[in-house]
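Dumping the structure here so I can ask a few things about it.
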Amino acid sequence: MATASATHHPLPPTLLSSKKKKSARLTLWPLVAATFFMVSGGTYGIEDIVHGAGYGRAILFLILTPLLWSLPTAFMIGELSSALPFEGGYYAWVRRSMGNFWGFQEAWLSLTASIFDMAIYPTLFVAYLTRLFPWFAENHRGLWVALGVVIVCSLLNVAGVKVVSTTSLWLFFALSSPFLLVALLSPLKYGALFHAVTTPTTSKVDLIGGLLICMWNYMGWDNASTIATEVERPQRTYPRAMLAAVTIVALSYIIPVAAVWTTHLPAGAWETGSWADIAGLLGGPALRIALVGGGMFSAFGMFNALVMSYSRLPLAMAQDGMLPSIFGKLNRRRAPWVAIIALAIGWAACLNLGFERLVTIDILIYGISLALEFTALVVLRIREPRLRRPFRVPGGMFGAVAVGIAPVLLLGFDLVRSQSEQVAGMSSFAFGAIIIGAGVLAYVLKQALKPAGWGVPQEQSAQ
């Protein structure tokens, strides 16, 4: 494993975990499963893409988005995670390449984006639960269920990374099986669902909204990088896991949608949670129940895996003295339990916001952090040309620059939509700008209060 020291902004050796037992580390397929849930969680959540864009354009979006958005990101992550497999992942890359200020901003943007991103998955969990049990849609019962998801996943993560990765692997198989049946049964109903009666749709998603939801469904590849010190042979495992996960995620979206298209079910009948109705039309009540259960597994698995990812950011920042040392506290299973509890409180606070609004804010803030990661790729190529890179973005310096162009350009669609979405009496763009600006203020305050950084906790310094 590469060390964190370098000529430019070296990271402390506490980022490495040389004493970790081999048996506790993630191998290829558990990492693929964890990445799958950090990014996708299965075919759920894409229904509004069909509603907003129609079948043909939805499939086109689902094909082009991984090529223009996911694959470039996976290439960037493959190079940086293989060269710098440190706790904190993308935060460590940006800090090493551009210094403490930009490293702090990267972590700030990622953590604030997570506040909105993580509220989406309990919302999806409740959306599918109410398809089966409408009783939960009344009197804020769904909100209590969503809060329960936050609490249970936080407790699972306190139990350790191995528990989370094993859970992800089994959940992957559990939620994929019903969609395999949907893909197999749909051609048998060729053209038969044109006049099918479904639950009246309330979706207001248009073409741009469909594209943004598609981007969100292909977003989050860098989240797997924050657990690099807990991965077996990260230099070899990360690039392979990224490419495998991109392929699996894309196929899990495209094949079921293309299959249902053959039934001629109107695109206007789709909305978040509609997979349950579609499954009922294709395979009866049993398949409908299986899809609802899978939707709940998906939302639960995504939230569970992302708690593991996001909680390593405060841990890495505490190790670097960027946050108070309490955030670096670990339990016996090396889980950053204080960071998990603190983040869970923030995630729970946003559970009552709507799905599309959460997506718009999430992409806006996440997009800036992603742009910083692509910048780090180029800066490290310039500043540390001799850095060992077991995997490299092809094409030399031109390739390193070009790989970030398409993802950054796609963010323009979110900027357009964020002008019209309203949050707290202002546009999503203005709201996002305040959050981004608050990151600069937070760093200034940190420098004023602790210019030399907070102390490293005792248990970290002893490792």
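Computed from a predicted structure; not experimentally measured. Residue numbers run from 1 in the order of the sequence given.
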To the nearest 0.5 Å, what is the distance between CG on Leu251 and OG on Ser176?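 Those atoms lie 11.5 Å apart.
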First locate atom CG of Asn223, then atom OG of Ser114, and finally report the distance between them rounded to the nearest 0.5 Å.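 Answer rounded to 0.5 Å: 9.0 Å.
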When rounded to the nearest 0.5 angstrom, what is the spacing between CG in Asp362 and CH2 in Trp216?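 So the gap between those two atoms works out to 8.0 Å.
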For the rings on Phe179 and Trp275, is their centre-to-centre separation under 6.0 Å?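 Here the rings of Trp275 and Phe179 have centres that are less than 6.0 Å from each other.
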What's the spacing between Phe125 CZ and Thr130 OG1 if we round to 0.5 Å?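 The CZ atom of Phe125 sits 11.0 Å away from the OG1 atom of Thr130.
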Ser40 and Tyr253 side chains, donor-acceptor separation under 3.5 Å: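 There is such a pair between these side chains.
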Side-chain donor-acceptor pair under 3.5 Å between Asp222 and Tyr366, yes or no?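 Tyr366 and Asp222 do have a side-chain donor-acceptor pair below 3.5 Å.
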Rounded distance (nearest 0.5 Å) linking atom CG of Leu71 with atom CG of Leu243: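 Leu71 atom CG to Leu243 atom CG measures 7.0 Å (nearest 0.5 Å).
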In chain order, what residues pass the ring pair (Phe, Tyr, Trp, His ring centres under 6.0 Å) check against Trp261, with sequence neighbours excluded?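 Counting only residues at least two positions away or on another chain, Trp261 forms a ring pair (Phe, Tyr, Trp, His ring centres under 6.0 Å) with Tyr55.
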Value rounded to 0.5 Å, distance of CZ in Arg240 from CG in Leu28: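 That separation rounds to 5.0 Å.
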Heavy-atom side-chain proximity of Leu287 to Val182 below 4.5 angstrom: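 With C-beta onward as the side chain, the pair touches.
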Do Phe133 and Tyr128 have ring centres separated by under 6.0 Å?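 No, they do not, as the ring centres are separated by 6.0 Å or more.
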Run the numbers on Phe136 and Trp144 for ring pair (Phe, Tyr, Trp, His ring centres under 6.0 Å), then give the verdict. CA-CA 9 Å; Phe136 285 101; Trp144 287 107; over 10 Å; no
Indicate whether the side chain of Trp221 and that of Ser70 have a donor and an acceptor atom separated by less than 3.5 Å.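 Yes - a donor-acceptor pair under 3.5 Å links their side chains.
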Dump the intermediate steps for salt bridge (charged side-chain N to carboxylate O under 4.0 Å, His left out) on Arg131 and Glu271, then the final yes or no. CA-CA 12 Å; Arg131 289 278 172 164; Glu271 67 173 347; 3.1 Å; yes
Phe300 ring center near Tyr121 ring center (under 6.0 Å):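 Here the rings of Tyr121 and Phe300 have centres that are no less than 6.0 Å from each other.
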Measure the shortest side-chain to side-chain distance between Ser369 and Trp108 over non-hydrogen atoms and say whether it is less than 4.5 angstrom.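 Counting from C-beta outward, Ser369 and Trp108 never come under 4.5 Å.
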